[in-house]
Protein chains: 2
Amino acid sequence: MNASRTARERVRAELIREITDIARRHLATDGAGGLSLRAVARDMGMVSSAIYRYFPSRDDLLTALIIDGYNAIGEAVEIADTGCARDDFTGRWLAVCHAVRTWALDHPHEHALLYGSPVPGYQAPEDTIGPATRYTVVYGRIISEAHVAGRLTPPDMCPAPPEVLSSDAEAVRQVMPGVSDDVVARGIVAWTGLFGMVSFELFGQFNNVITHRRELFEHNMLCLAHLIGLPPTPGA
Amino acid sequence: MNASRTARERVRAELIREITDIARRHLATDGAGGLSLRAVARDMGMVSSAIYRYFPSRDDLLTALIIDGYNAIGEAVEIADTGCARDDFTGRWLAVCHAVRTWALDHPHEHALLYGSPVPGYQAPEDTIGPATRYTVVYGRIISEAHVAGRLTPPDMCPAPPEVLSSDAEAVRQVMPGVSDDVVARGIVAWTGLFGMVSFELFGQFNNVITHRRELFEHNMLCLAHLIGLPPTPGA
DNA sequence: GGTCGTCAAGAGCAGTGCTCTCATTTTCTC
DNA sequence: GAGAAAATGAGAGCACTGCTCTTGACGACC
């Protein structure tokens, strides 16, 4: 019967969820390198070998956590964006930036897993690509919608990007339709600036130097918003 | 006798150097997490416990590698800077950027060790602070000298940084004397943008999207140079 | 009712960081 | 120069890791 089969599959799905939950807890305390299948099994009252029925290897468990992480940050960014007035493009950009930073500060080890050095020997499988780009859709949409609304006025200070970059810009336009190569390049500057700032704060490069980190972050993200060409004030 | 004492100390120093060299080779192939004291000992024809006479723990060996890495990147940056005409501030900035990127691409695991996620359980000791800031001196000097030469003209696009950041700016001015809070903030934007860009390229965030990475990097760094206010052309 | 797939359990392998003891060698001191 | 002291290398051992293999039990399906 199909119902009984799903009964078994349901307990299996439940166990998988429980394993990833416990693994995430371990990740939060010990970091990616300290994630131990045996420890997770102990917490579940299982013998270590039984875990391998659900995750064939440690890397597979890591992959599951990575996908969850990308989705979590994607969701946080989506919520932050939808909480703003649609025509407040700079406000939306700042909200997204703060969402990324707050999530990173709340889940430092998960952020490190997603955006820090790759775990040695671990090769990210293709399953992670989709969730990894989830938040970039929001990011690109803000810039794209500002462009469509005629509210994107990049200051005249950068030279035009070289011709050779136009094919790459075309790829980026999949999440940022309609904008020029120049805006794409500026968008990447802001994008890498955002994550550079968060990673520096998280990985300790600001230690003993920067104390008002939230204020500096906000100011710098505002500066990057203006670099892209987002308007200083919402509305007309 | 003093000479005989140095005899023993000399072989000790030689062994320490050999250990770090082999460890660096392992680091280059297996990454920080895969660095094994036993494997290093095997390569040296030693028994594993003997290594502990020279490095009390794996973390101490990592610390030595980190210090070496910071010094290596600092030296690379210094060489890149001194290869430029002193009044070509934008050229010096670009040279430094390329030096950072090239070193990172040549030593990906070492870059990850320095600027990626912290190794789990590893706490950077104070010995690393000095070497860690070595390259920032070069970085700050470029901006500072451009300012003194009256060739720093930041485009009017960012709001003034909030008052609360002035104490942090004061700290940064230790390596960037004379410049305003606004320039300090812009300098941090460019600084984090540089490392964000390099880390994204190195950690695979550009996979399947950006192909002309050197060109994009050069263009974006030029864009950041103009954000700081570095002049478009050298000389007057 | 019999068969087959799924599962938990346990033993075991090869590897890790690290500690301890013991013998040897080198250095320092009287 | 003889003896004490320090430094060094070797080996065994502990507790831990990821992972594999085998065994026996349970549940689902024909």
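Chain letters run A, B, ... following the sequence lines, proteins first and then strands; every chain starts at 1. Hydrogens, waters and symmetry mates play no part in the numbers below; they use all other heavy atoms, side chains included. Please read these numbers as outputs of a predicted model, since none were measured by experiment.
- For the pair A/Asp60 CG and D/dG18 C1', the interatomic distance rounds to 13 Å; values are reported in whole Å.
- B/Asp30 places its CG atom 13 Å from the C1' atom of C/dT16, with the value rounded to the nearest Å.
- Regarding A/Glu18, its CD atom lies at a distance of 11 Å from the P atom of C/dA8, rounded to whole Å.
- Here B/Tyr52 does not reach the OP1 or OP2 of D/dT8: none of its side-chain N or O atoms lies under 4.0 Å away.
- A/Ile51 places its CD1 atom 18 Å from the P atom of C/dT6, with the value rounded to the nearest Å.
- At least one side-chain heavy atom of A/Ile16 sits under 4.5 Å from a side-chain heavy atom of A/Phe55.
- Atom pair B/Met46:CE and D/dA7:C1' shows a separation of 12 Å (rounding to whole Å applied).
- B/Pro162 places a side-chain heavy atom less than 4.5 Å from the side chain of A/His219.
- Using modelled atom types, one finds no donor on one side chain facing an acceptor on the other under 3.5 Å when comparing B/Thr63 with B/Asp60.
- Contact annotation for B/Ser49: base contact, defined as any heavy-atom pair under 4.0 Å involving a base atom.
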Hey, can you pull the donor-acceptor pairs under 3.5 Å for the side chains in residues 191-209 of chain B, sequence neighbours left out?
| unit_1 | atom_1 | unit_2 | atom_2 | d |
| --- | --- | --- | --- | --- |
| B/Trp191 | NE1 | B/Tyr135 | OH | 2.7 |
| B/Thr192 | OG1 | B/Ile188 | O | 2.9 |
| B/Thr192 | OG1 | B/Val189 | O | 3.0 |
| B/Ser199 | OG | B/His111 | NE2 | 3.4 |
| B/Ser199 | OG | B/Phe195 | O | 3.0 |
| B/Glu201 | OE1 | B/Arg101 | NE | 3.0 |
| B/Glu201 | OE2 | B/Arg101 | NH2 | 2.9 |
| B/Gln205 | NE2 | A/Leu114 | O | 3.3 |
| B/Asn207 | ND2 | B/Gly204 | O | 3.4 |

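- The distance between atom CG of B/Leu35 and atom C1' of C/dG15, rounded to the nearest whole Å, is 15 Å.
- You'll find a donor-acceptor pair under 3.5 Å spanning the side chain of A/Arg38 and the base of D/dG18, going by distance alone.
- Look at A/Arg58 and you won't find any side-chain N or O under 4.0 angstrom from OP1 or OP2 of D/dT17.
- Rotation axes derived from the C1' atoms of the five outermost pairs at either end of the helix from C/dG1-D/dC30 to C/dC30-D/dG1 lie 0° apart, to the nearest 10°.
- The minimum heavy-atom distance linking A/Gly130 with A/Thr133 is given by the pair O-OG1, 2.9 Å.
- Residue contacts shown for A/Phe55 are absent, as no nucleic acid heavy atom lies under 4.0 Å away.
- The CE atom of B/Met44 sits 9 Å away from the P atom of D/dG9 (whole-angstrom rounding).
- Looking at heavy-atom distances under 4.0 Å, B/Leu61 makes no contact with the nucleic acid at all.
- In this structure, A/Leu113 and A/Ala32 approach most closely via the heavy-atom pair CD1-CB, 3.7 Å.
- Following rounding to the nearest Å, A/Leu37 (CG) and C/dA8 (P) show an atom-to-atom distance of 14 Å.
- Between B/Arg42 and C/dT16, a side-chain N or O to OP1/OP2 separation shorter than 4.0 Å is present.
- Annotation: of the two residues near DNA chain C, A/Arg53 and B/Ser48, the 5′-most nearest-nucleotide partner is A/Arg53.
- Residues B/Ile210 and A/Val172 have side chains in contact (heavy-atom distance under 4.5 Å, counting atoms from C-beta outward).
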